[in-house]
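Read the numbers this way: they start at 1 and go in the same order the structure lists the ligands and their atoms. These figures come from a predicted structure and were not determined experimentally.
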Amino acid sequence: MAKPIKVACIVGTRPEAIKMAPVVRDLKARDGFEVFLLSTGQHKEMLAQVLAAFDLTPDHDLEIMTERQTLNQILARAIPGLDQVFAQFQPNLVLVQGDTSTAFIAGLVAFNRRIKVGHVEAGLRSGDKWQPFPEEVNRRLLSVVADLNFAPTPTARDYLLREAVDPGSIFVTGNTVIDALLTVIKPDYRFRESLLEEALQEHGVKRILVTAHRRENWGEPMAEICQAAKSLLASGLPLRFIWPVHLNPVVREVVHRELSGVSGVYLTDPLEYSDLANLMSRVDLIWTDSGGIQEEAPSLGVPILVLREVTERPEGVAAKAARLVGTEAGRLVQVTRTILTQSDEYRRMAAAANPYGDGAASRRIGEYLAWYYGLISEKPLPFA
Ligand code: UD1
Ligand code: UDP
């Protein structure tokens with residue numbers, strides 16, 4: 001029997017695990033591959049929560065997270081472990097996802113060992129190297145070392161082509177987050193977090209889900225977002241805010257200082273993925289600076305206000321599912337009022353089709369790898 005193709009799949013943070021889980025599942029179910037799941041442990045509780053939800057256990061965990069870690073601490077702590085595991089496992093391919101410090105450093109360590117690198121969610125660009133920081137640079141650097149670029153959309157493919165990435169290395173797949181999302185959405189879903197059942201019971205109110213964690217929004221911008229929520233509540237609109245707060249103490253300090261005990265605001269810890277996904281499908285509006293949530297929400301018919309100045313996900317804005325509003329409180333209040341009170345505008349946003357994926361991205365990646373390594377003869381069709 002031929003030797004299996006050894007694939008090391010790398011995860012470190014919550015979104016990477018959500019988006020890598022369907023790929024790991026697909027490859028594990030395929031003949032001809034040996035899959036090794038390696039966690040850097042850049043996140044701890046938030047990563048464990050996702051891995052448990054997808055019933056995945058890492059084959060090895062480097063457990064690098066420290067409180068208030070700096071970017072260079074993440075890199076320095078991850079390199080020796082990644083290097084050692086690659087030396088032992090001898091993968092044919094290292095698969096990384098997205099634009100985190102984990103993804104970038106795993107790609108670089110693999111490159112230095114002359115191991116092929118596959119990049120899931122390749123080609124996203126905001127065009128501004130400081131926004132999001134450091135993700136825009138992480139993903140650009142990954143495009144330099146990657147041998148296989150799984151671009152989620154034609155827009156991402158075009159960015160790669162403009163940077164003279166080998167066209168033969170690019171395959172458009174759709175975003176694997178939609179695969180993950182579709183496995184957990186249930187019409188009769190019962191929430192694990194009891195506060196959510198309570199938050200969803202009240203009649204005659206509109207609900208806004210909020211998440212924010214980007215470095216650009218630390219400090220004053222985060223306080224502005226909180227201020228906008230308070231102003232809207234004070235204006236008498238029948239609103240409720242539900243905010244699962246990221247575990248980063250830099251984020252928690254501001255959000256809890258500004259919003260703890262405010263009537264109409266539900267603050268929770270990070271939600272288990274199926275709770276968050278099913279909550280998204282039951283709220284009226286989402287305020288977020290998250291990448292993944294921008295991609296998921298259009299599948300659930302919920303308009304999004306993006307709490308950023310630029311986005312590497314222009315497809316949602318072009319499809320009119322999302323509006324880029326930044327974090328200035330006055331603007332956030334004004335746009336929220338408009339969308340919630342003008343039903344035509346609301347309907348247009350809610351009805352937009354999802355440009356990010358169709359639920360078959362991980363199958364396309366699995367089939368592409370099977371074809372690339374000569375295990376099947378037919379190359380799969382790209383996501384259109
Ligand atoms: C990281 C990624 C970002 C991604 C985000 C997803 C980088 C540079 N950033 O940012 O691209 O959007 O994850 O959430 O890779 N913490 C915990 N427990 C956890 C997770 C985090 O306590 O399970 C706290 C720790 O104090 C940690 C801090 O949060 O030091 C920041 O974590 P880090 O991964 O450095 O940055 P994120 O802002 O989470
Ligand atoms: N998410 C989750 N629980 C939460 C908040 C977010 O499971 O409390 C999911 C969300 O549905 C999306 C992913 O986490 O799939 C996004 O992660 P995050 O916003 O932390 O990172 P980003 O996508 O911005 O890199």
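For Glu296, a nitrogen or oxygen atom sits less than 3.5 Å from a nitrogen or oxygen atom of ligand 2, counting backbone and side chain alike. The shortest N/O to N/O separation between Leu271 and ligand 2 falls below 3.5 Å. At least one N or O atom of Glu135, backbone or side chain, sits closer than 3.5 Å to an N or O atom of ligand 1. In terms of N/O distances under 3.5 Å, ligand 2 is approached by Gly291. Checking only distances, Gly292 does come within under 3.5 Å of ligand 2, N or O to N or O. An N or O contact shorter than 3.5 Å links Arg14 to ligand 2 by distance.
Residue contacts with ligand 2, taken as heavy atom pairs separated by less than 4.0 Å, involve Ser290 via backbone and side-chain atoms alike. Heavy atoms of Leu276 found under 4.0 angstrom from ligand 2 belong exclusively to the side chain. Residue contacts with ligand 2, taken as heavy atom pairs separated by less than 4.0 Å, involve Arg214 solely via side-chain atoms from C-beta onward. Only the backbone of Arg68 comes within contact range of ligand 1, with a heavy atom under 4.0 Å; no side-chain atom does.
Side-chain contact between Leu148 and Val117: absent, with no pair of heavy atoms (C-beta onward) separated by less than 4.5 Å.
Looking at every heavy atom in both residues, Gln294 comes nearest to Thr311 through OE1-OG1, 3.0 Å.
Judged by the shortest distance from any of its heavy atoms, Thr66 lies inside the 4.0 Å radius around the atoms of ligand 1. By the 4.0 Å heavy-atom criterion, Met46 is excluded from the residues contacting ligand 2. Look at Gln49 and you'll find every heavy atom at least 4.0 Å from all atoms of ligand 1.
Using a cut-off of 4.0 Å between Lys/Arg side-chain N and Asp/Glu carboxylate O, Arg348 and Glu345 are scored as salt-bridged.
Close approach to Gln69 involves these atoms of ligand 1, each under 4.0 Å from a residue heavy atom: 27 (C), 30 (O), 32 (O), 33 (P), 34 (O), 35 (O). Listed by atom number, the atoms of ligand 1 under 4.0 Å from Thr13 heavy atoms are 13 (O).
Distance alone, capped at 3.5 Å, places no donor-acceptor pair between the Arg139 side chain and the Asp99 backbone.
One option in Arg214, Glu16, His43 has a heavy atom closer to atom 21 (C) of ligand 1 than any other, and that option is His43.
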